[in-house]
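We name chains A, B, ... by the order of the sequence lines, and we start the count at 1 in each one.
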Amino acid sequence: MTATLDARFVKRFPTGLAVAAELADGGVTALFGPSGCGKTTTLRCLAGLDRPDEGVIRLGGETWFDASGRVCLRPQQRGVGLLFQDYALFPHLTVSGNVQFGLAGMPRGERRRLAAETLERLGVAGLDGRYPHQLSGGEQQRVALARVLVCRPRLLLLDEPLTALDAPTRETLRPGLRELLGTIGVPVVLVTHDRTEAVALADHVVILDRGAIHQRGAAAEVFARPSNLTVARIVGVETVQPGRVVRTTDGIAAVAVGPTEVAATISGEPPTDVYVCIRGEEVILLAGGDEIPAVSARNRLPGKVTAVTPEGALVRVRVDVGFPLVALVTRPAAEELGLVPGVRVVALVKAQAVHLISRQ
Amino acid sequence: MDWAAARVTLALATGTTATLLVIGLPLGYWLATTRWRGKVLVEALVTLPLVLPPTVVGFYLLLATGPHGPLGRAVESIGGRSLPFTFPGILLGSILVNTPFAIRPFAAAFASVDRRYAEAAWCLGASRIGTFVRVSLPLAWPGIFAGAVLTFAHTVGEFGVVLMMGGNVPGITRTLSVAVYDDVQALDYASASTTAAGLVAFAFAAVVVTHLAQRRGGRP
């Protein structure tokens with residue numbers, strides 16, 4: 001059973017921005033939002049590097065900060081492990097010097113054993129004598145993580161743990177990090193602006209924008225079902241279009257979006273004015289032709305490709321189906337279908353993949 | 001070459017540099033890290049000797065440490081000898097005049113160390129003093145070394161405050177720079193030029209070392 005973090009606080013800035021954080025979770029929580037939204041400030045307040053103006057921070061039964069009781073533990077007293085965005089390894093110390101830094105006071109043999117063990121566990125054994133500038137980005141990340149974990153922190157804070165790395169290294173390290181966070185046994189709060197990272201690493205996601213929390217919940221749920229337009233924009237739902245619910249039957253709403261009608265599954269009574277949200281990954285494209293085979297997807301939207309933009313391994317295809325719909329397909333798929341502007345296609349979207357947000 | 005003067009000069013420069021390291025490192029660190037608004041006044045005070053003529057510093061110090069000055073009376077009341085025209089007297093004057101040459105580079109060296117290293121150390125449980133000794137000091141070392149060399153070299157060349165505070169007592173307060181002045185007054189140009197050339201060579205070497213240290217500090 002891991003201790004739970006209970007943090008509710010406000011930090012104000014001279015610029016007028018106030019960060020209001022509310023976290024009450026064990027497990028791995030991701031703070032997700034654009035840069036400047038207050039994610040890093042929240043981490044710094046948890047670590048004791050910044051002092052909130054109001055609120056409380058508790059871990060397990062221990063109070064770390066209480067504005068009313070004038071309690072504010074120093075970082076040294078909190079036992080937090082903070083992984084900085086660019087890792088902040090001490091440049092004048094070797095790898096083993098860095099990892100043993102927090103173990104001062106232990107006998108030397110014990111320090112060495114612990115450091116070696118932790119480096120081994122993170123897959124970076126044998127680098128002991130090197131200096132940080134002699135390491136690759138991925139090695140630096142894991143050495144920094146070892147430096148933090150070897151002290152057995154009671155709360156682990158990760159500031160953009162993979163952002164400083166190149167894409168292939170990020171892909172390689174992500175699964176290992178996920179596994180590590182799952183077995184670590186202390187609450188983890190991580191900050192990220194990368195959707196993949198949030199989904200892959202976190203149990204819960206908290207969406208922050210301009211210092212305020214907009215939505216929280218299970219990672220997959222928040223990204224698939226944003227609760228309002230701001231969240232939809234922040235999490236990067238590709239298609240967000242205003243629509244009108246014209247009727248509902250058997251838990252399926254028919255929504256008029258421009259001249260087109262879209263089916264969406266609903267729970268309860270939907271409002272009339274809505275935003276229709278469709279993730280690009282959820283759209284299947286079918287090569288032209290007026291013959292549409294029988295298919296389970298409720299939405300079969302014929303249209304014309306208006307733009308094709310490569311995006312890493314994927315291709316972003318904009319299709320005019322009466323409204324601009326964005327599909328993300330693989331490169332081979334785009335080639336096979338001969339997707340270029342002007343080509344006629346049919347877009348298939350399941351009703352469950354169409355998410356409605358109130359427009360009131 | 002006046003070897004007695006060379007010994008006095010060496011003792012004065014060593015004493016000044018050592019004292020300013022002890023006082024200047026914590027003060028420089030504090031100046032580099034504090035967010036207190038009043039620090040600009042402390043900075044101005046530290047810089048003041050840079051723009052004042054050393055004779056002015058020496059003059060006030062002479063007044064303060066003389067038998068009627070507050071410092072002089074305090075020293076006498078605890079049974080000490082009065083400071084003017086003694087080695088401790090010129091050491092005190094030299095420390096005051098050299099404050100900016102030590103503390104400004106120290107503060108700049110500490111300020112150039114990324115704050116995150118100190119924060120990382122705190123989160124790893126290191127105390128503030130532990131962080132200073134184990135992280136800030138080694139990372140700021142090239143700048144600190146340069147400041148110490150500069151202080152040493154500047155003390156070797158100090159003239160005004162030494163003459164005001166110490167007069168010209170051979171073997172006690174007569175330094176090399178005072179010896180040059182004295183030799184010229186006595187029209188002993190041969191002796192003056194030997195000492196002067198020695199001082200130029202030393203100053204040049206010190207400046208080269210300072211630059212090398214700072215260049216090394218620029219590398220990772």
Side-chain angles (χ1 to χ4, degrees), chain A residues 14 40 43-51 73-94 97-106 111 115 130-135 140 143-159 164, chain B residues 21 25-26 28-30 32-40 105-149 210 212-220:
Chain A
T40 298
L43 277 199
R44 292 180 59 87
C45 287
L46 291 174
L49 296 172
D50 279 345
R51 193 191 174 111
L73 262 56
R74 283 177 283 130
Q76 291 93 332
Q77 300 168 304
R78 297 192 184 195
V80 291
L82 172 57
L83 185 76
F84 286 81
Q85 188 171 346
D86 43 10
Y87 313 133
L89 288 170
F90 302 126
H92 63 297
L93 297 178
T94 59
N98 267 282
V99 177
Q100 292 177 32
F101 188 90
L103 303 176
M106 267 185 203
R111 278 206 313 258
R130 298 224 204 141
Y131 284 90
H133 71 270
Q134 298 170 314
L135 303 177
Q140 285 187 27
V143 170
L145 207 50
R147 180 176 75 172
V148 161
L149 293 180
V150 79
C151 300
R152 302 189 161 278
R154 300 163 60 206
L155 170 68
L156 183 62
L157 306 171
L158 311 174
D159 192 355
Chain B
L21 275 171
L25 287 178
Y29 183 69
W30 178 77
T33 53
T34 185
R35 290 175 190 168
W36 183 52
R37 282 190 200 164
K39 85 164 183 180
V40 64
F106 293 170
F110 285 123
S112 72
V113 176
D114 197 326
R115 202 181 158 76
R116 288 168 318 128
Y117 294 127
E119 292 179 339
W122 296 341
C123 289
L124 291 168
S127 67
R128 278 174 184 269
I129 291 173
T131 301
F132 174 77
V133 174
R134 297 169 67 198
V135 177
S136 308
L137 208 53
L139 288 177
W141 181 245
I144 291 166
F145 179 72
V149 172
T210 311
L212 284 178
Q214 268 161 346
R215 261 226 329 250
R216 220 194 116 233
R219 282 188 225 144

>> I'd like to know if the side chain of A:Gln85 and the backbone of A:Asp159 have a donor-acceptor N/O pair within less than 3.5 Å.
In response: no
> Do B:Arg128's NZ or CZ and the ring of B:Trp122 fall within the cation-pi criteria of under 6.0 Å and 45°?
Replying inline: yes
>> Show the nearest heavy-atom pair for residues B:Lys39 and B:Thr34, with the distance to one decimal.
In response: CD-CG2, 3.5 Å
> Any donor and acceptor pair, going by atom type alone, linking the side chain of B:Thr131 with main-chain N or O of B:Ser127 inside 3.5 Å?
Replying inline: yes
> Should we count CZ of B:Phe132 as having more than 12 external heavy atoms under 6.0 Å?
Replying inline: yes
> Which answer fits A:Leu103, side chain, backbone, both or neither, if we ask what part of it has an atom under 4.5 Å from a heavy atom of chain B?
Replying inline: neither
>> Once side chain to side chain donor-acceptor pair (under 3.5 Å) is applied, do any residues pair with B:Arg134, and if so which ones, sequence neighbours excluded?
In response: none
> Hey, which of A:Gly102, A:Ala144, A:Ala88 has the most heavy atom pairs under 4.5 Å with chain B?
Replying inline: A:Ala88
> Which of residues 109-119 of chain B get closer than 4.5 angstrom to chain A, counting heavy atoms alone?
Replying inline: B:Arg116, B:Tyr117, B:Glu119
>> Has A:Asn98 got a side-chain atom pairing as donor or acceptor with A:Leu89's backbone, closer than 3.5 angstrom?
In response: no
> Counting heavy-atom pairs under 4.5 Å to chain B, which of A:Leu82, A:Asp86, A:Val80 comes out on top?
Replying inline: A:Asp86
>> Counting only non-hydrogen atoms closer than 4.5 Å, does A:Phe101 touch chain B with its backbone (N, CA, C, O), its side chain (CB onward), both, or neither?
In response: both
> So what's closer than 4.5 Å to chain B heavy atoms on A:Arg44: side chain, backbone, both or neither?
Replying inline: side chain
>> Between B:Leu124 and A:Phe90, is there a side-chain heavy-atom distance shorter than 4.5 Å?
In response: yes
